[in-house]
Amino acid sequence: MPGAAARIAEAHLRREAVDADALERLSAAEATAVLIGAFGAQALTLGGLGAAVVLIAAGDPGWACTVGVPAVLGGAAQLAAAIRRSADGDH
């Protein structure tokens with residue numbers, strides 16, 4: 001069977017190219033998801049704090065606490081993660 005080795009080598013090279021492309025797309029998707037998650041966490045925290053301020057100004061401290069406490073806890077978790085990253089040297 002002349003050319004069989006060449007066909008096998010070509011098939012292997014195509015498989016390697018497909019695997020590399022899949023890994024590249026997966027890495028890009030993961031980076032996008034991390035970026036969206038980081039912005040989403042910030043938006044939820046700031047939105048919750050803003051809503052709490054508005055509710056306090058409107059004279060509704062019960063709902064302000066209901067909205068503000070999770071926002072403060074979310075902000076504290078983000079702060080703790082940032083401190084942990086800087087302590088590990090991962091800037």
Side-chain angles (χ1 to χ4, degrees):
M1 295 177 82
R7 285 194 305 259
I8 290 172
E10 288 172 7
H12 179 70
L13 290 175
R14 279 194 306 269
R15 173 66 185 202
E16 290 293 321
V18 167
D19 288 347
D21 182 52
L23 184 59
E24 184 178 328
R25 285 186 286 138
L26 181 62
S27 296
E30 183 179 3
T32 301
V34 168
L35 186 63
I36 290 171
F39 280 121
Q42 293 292 330
L44 284 173
T45 298
L46 293 175
L49 290 174
V53 168
V54 168
L55 287 168
I56 287 172
D60 199 351
W63 279 109
C65 287
T66 303
V67 171
V69 169
V72 169
L73 292 176
Q78 292 173 24
L79 181 63
I83 291 170
R84 195 174 318 126
R85 277 193 308 269
S86 67
D88 291 341
D90 182 26
H91 300 287

Throw together a table of side-chain donor-acceptor distances under 3.5 angstrom for residues 24-33, partners on residues two or more places apart or in other chains.
from	atom 1	to	atom 2	distance (Å)
Arg25	NE	Asp21	OD2	3.2
Ser27	OG	Leu23	O	3.0
Thr32	OG1	Ala28	O	2.9

- Message: Holding to side chain to side chain contact (heavy atoms under 4.5 Å, CB included), I want the full list of residues that pass it with Gln42, two or more places apart in sequence or in another chain.
- Response: Gln78
- Task: Please list, chain by chain and in numerical order, all residues satisfying side-chain hydrogen bond (donor to acceptor under 3.5 Å, both in side chains) with Glu10, sequence neighbours excluded.
- Result: none
- Message: Once side-chain hydrogen bond (donor to acceptor under 3.5 Å, both in side chains) is applied, do any residues pair with Arg84, and if so which ones, sequence neighbours excluded?
- Response: none
- Task: Write out all pairs satisfying side chain to side chain donor-acceptor pair (under 3.5 Å) with one or both partners inside residues 48-59, taking only residues at least two apart or from two chains.
- Result: none
Side-chain donor-acceptor pairs under 3.5 Å in residues 57-73, sequence neighbours left out?
from	atom 1	to	atom 2	distance (Å)
Thr66	OG1	Gly62	O	2.9

